[in-house]
Amino acid sequence: MNWARVKVWVYRVGLFLGALIFLVQLISGVQAFQSNRLPVGFRGIALWSIVGMVLVVGLQIINWSHLLKIVGVHLPLLELSKGYVLSSLPKYIPGSIWGYISRSQWLSQEHEIPHSSTNLANLFEIEVTLVSATSVILLGLGIVNGSWLYLAAALLLPATILSLTRTLIRLLLRKGWFGLAAIPNQPTMDNRYLWLATLISGVQWLILGGATLLLVAGVKPQIQFSLREWLLAVQCFTLAWLGGFFVIFVPGGLGIRELALTGLIMTNFSANYQTATLVAIGSRLVYSAGEIIWLGIGLLQKAGGKGKQE
């Protein structure tokens with residue numbers, strides 16, 4: 001059996017299924033909004049939330065470039081932006097891992113980067129995402145509650161985990177787990193890139209929380225913009241995202257994330273169920289809009305590149 005050919009077809013099928021599920025969830029979200037009367041000015045606020053989401057996806061691409069550098073892969077940001085979102089669409093297939101597999105296949109197919117290298121970079125991305133999410137939640141708890149214990153934990157947790165990463169990766173390389181035995185270059189394990197990626201990931205959570213707070217204010221105008229409200233919104237979105245991430249049999253956390261965010265918005269912002277549900281659906285929609293914009297940018301770059309070659 002020609003496994004190289006099988007991988008290509010699995011990659012294409014994954015892209016198709018991921019794009020289809022993504023489109024279905026987008027249409028469902030739009031229909032949900034059309035069935036509810038939106039407050040005056042909500043659309044303008046939603047546009048600012050979309051700007052935030054575009055920035056978040058852009059930071060994800062920058063982060064991915066830093067994580068690739070750790071495994072000895074240096075690609076220009078423009079090259080990464082061509083296929084980052086498109087190759088990640090299979091993440092909407094149940095199982096969580098399909099987005100990572102698809103991205104590895106894209107880099108192997110387009111740039112001849114071995115799967116072993118991208119598998120390791122994927123592990124770094126999962127680590128950075130979870131560490132930064134936990135740290136941001138602890139930071140918020142520390143500031144909102146005035147607790148030095150939470151603030152200390154927010155700093156010590158990433159410092160401890162990231163410091164132990166080098167030892168863990170050496171173990172994985174020695175055991176050959178996750179296909180890492182075939183990695184061509186010994187990872188540099190430059191902690192500067194790992195720390196920078198964690199810091200940027202933390203900034204992403206803060207922006208996501210800000211976009212969520214904008215949506216809350218859009219449906220509940222009496223909400224005030226303050227540090228406390230912002231950090232509460234950051235905690236709400238981050239906890240809801242983590243809930244969707246760990247329920248691996250649900251594509252992209254669809255439904256789980258919205259249900260969790262609805263409950264958290266009701267609890268932390270004294271919102272009723274309908275109001276909180278609009279925020280949760282709106283959050284999914286504006287994030288999808290951010291991905292669509294970057295997807296369009298990538299496809300336009302690809303089309304432009306083909307036109308120059310011809």
Side-chain angles (χ1 to χ4, degrees), residues 52-53 55-75 77 80-81 84-85 87-88 91 96-104 106-107 113 115-140 153-173 177-180 183 185 187-210 234-235 237-246 248 252-253 257 287 290-291 294:
M53 295 303 182
L55 181 57
V56 165
V57 178
L59 289 174
Q60 288 175 359
I61 296 171
I62 293 172
N63 244 15
W64 183 235
S65 73
H66 290 319
L67 297 173
L68 285 174
K69 288 173 184 175
I70 300 176
V71 297
V73 175
H74 297 264
L75 285 175
L77 285 174
L80 287 176
S81 65
Y84 180 86
V85 174
S87 65
S88 298
K91 69 184 178 182
S96 295
I97 64 170
W98 302 111
Y100 298 113
I101 293 174
S102 174
R103 194 193 300 164
S104 294
W106 160 59
L107 290 171
I113 298 170
H115 288 277
S116 52
S117 295
T118 48
N119 285 345
L120 183 52
N122 284 330
L123 289 176
F124 284 140
E125 184 179 59
I126 294 171
E127 176 192 22
V128 162
T129 301
L130 297 180
V131 168
S132 63
T134 306
S135 296
V136 164
I137 291 171
L138 291 171
L139 179 66
L155 296 174
L156 291 175
L157 176 71
T160 302
I161 293 178
L162 296 180
S163 297
L164 293 173
T165 298
R166 186 191 298 269
T167 303
L168 175 62
I169 294 305
R170 284 176 178 170
L171 173 64
L172 294 177
L173 289 168
W177 294 338
F178 301 104
L180 301 183
I183 196 166
N185 301 315
T188 61
M189 282 310 301
D190 191 333
N191 279 350
R192 292 178 301 171
Y193 290 126
L194 203 55
W195 275 100
L196 183 58
T198 305
L199 179 62
I200 293 174
S201 185
V203 171
Q204 290 175 44
W205 292 120
L206 295 176
I207 297 172
L208 288 164
V234 171
Q235 291 179 48
F237 183 91
T238 308
L239 286 169
W241 187 92
L242 289 172
F245 179 80
F246 286 113
I248 62 173
R257 203 165 289 166
Y287 187 83
E291 287 189 311
W294 276 105

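- Between the side chain of S135 and the backbone N or O of V131, at least one donor-acceptor pair lies under 3.5 Å.
- Shown here for S104 and T118, the closest heavy-atom pair between the two residues is OG-OG1, 3.0 Å.
- For the atom pair CG of L139 and CG of L157, the computed distance is 12.0 Å after rounding to the nearest 0.5 Å.
- L75 CG to I61 CD1: the interatomic distance, rounded to the nearest 0.5 Å, is 12.5 Å.
- A heavy-atom distance below 4.5 Å is found between the side chains of L162 and E127.
- F124 pairs with exactly one of L68, T129, N119, T165 by the side-chain contact (heavy atoms from CB on, under 4.5 Å) rule, that one being T165.
- Side-chain N or O atoms of T238 include none that pairs as donor or acceptor with a backbone N or O of Q235 at under 3.5 Å.
- Classified by interplanar angle (parallel below 30°, tilted 30° to 60°, perpendicular above 60°), the ring pair W241/W205 is perpendicular.
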What's the verdict on side chain to side chain contact (heavy atoms under 4.5 Å, CB included) for L242 and I137, showing C-alpha distance, side-chain angles and the deciding distance?
CA-CA 11 Å; L242 289 172; I137 291 171; 3.9 Å; yes

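- The backbone N or O of G99 sits nowhere less than 3.5 Å from a side-chain atom of S102 that would complete a donor-acceptor pair.
- The CD1 atom of I200 sits 4.0 Å away from the NE2 atom of H66 when rounded to the nearest 0.5 Å.
- The nearest pair of heavy atoms linking Y84 to R103 is OH-NH2, 3.9 Å.
- L120 is not listed as a side-chain neighbour of I70, based on a closest heavy-atom distance of 4.5 Å or more.
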V57 and V85: CA distance, side-chain angles, deciding distance, side chain to side chain contact (heavy atoms under 4.5 Å, CB included) verdict:
CA-CA 8 Å; V57 178; V85 174; 3.9 Å; yes

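- To the nearest 0.5 angstrom, W64 atom CH2 is 8.5 Å from S88 atom OG.
- In this structure the side chain of N122 never reaches within 4.5 angstrom of the side chain of I101, judged on heavy atoms.
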List the steps and the verdict of side chain to side chain donor-acceptor pair (under 3.5 Å) for S201 and N63.
CA-CA 7 Å; S201 185; N63 244 15; 4.6 Å; no

Just do the side chain to side chain contact (heavy atoms under 4.5 Å, CB included) check on L130 and F245 with the steps written out, would you?
CA-CA 10 Å; L130 297 180; F245 179 80; 4.1 Å; yes

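- Between L123 and Y100, every side-chain heavy-atom pair lies at or beyond the 4.5 Å cut-off.
- Taking CD1 of I207 as the start and CG of L59 as the end, the distance is 5.0 Å to the nearest 0.5 Å.
- Between Q204 atom CD and I62 atom CD1 the span is 9.0 Å, to the nearest 0.5 Å.
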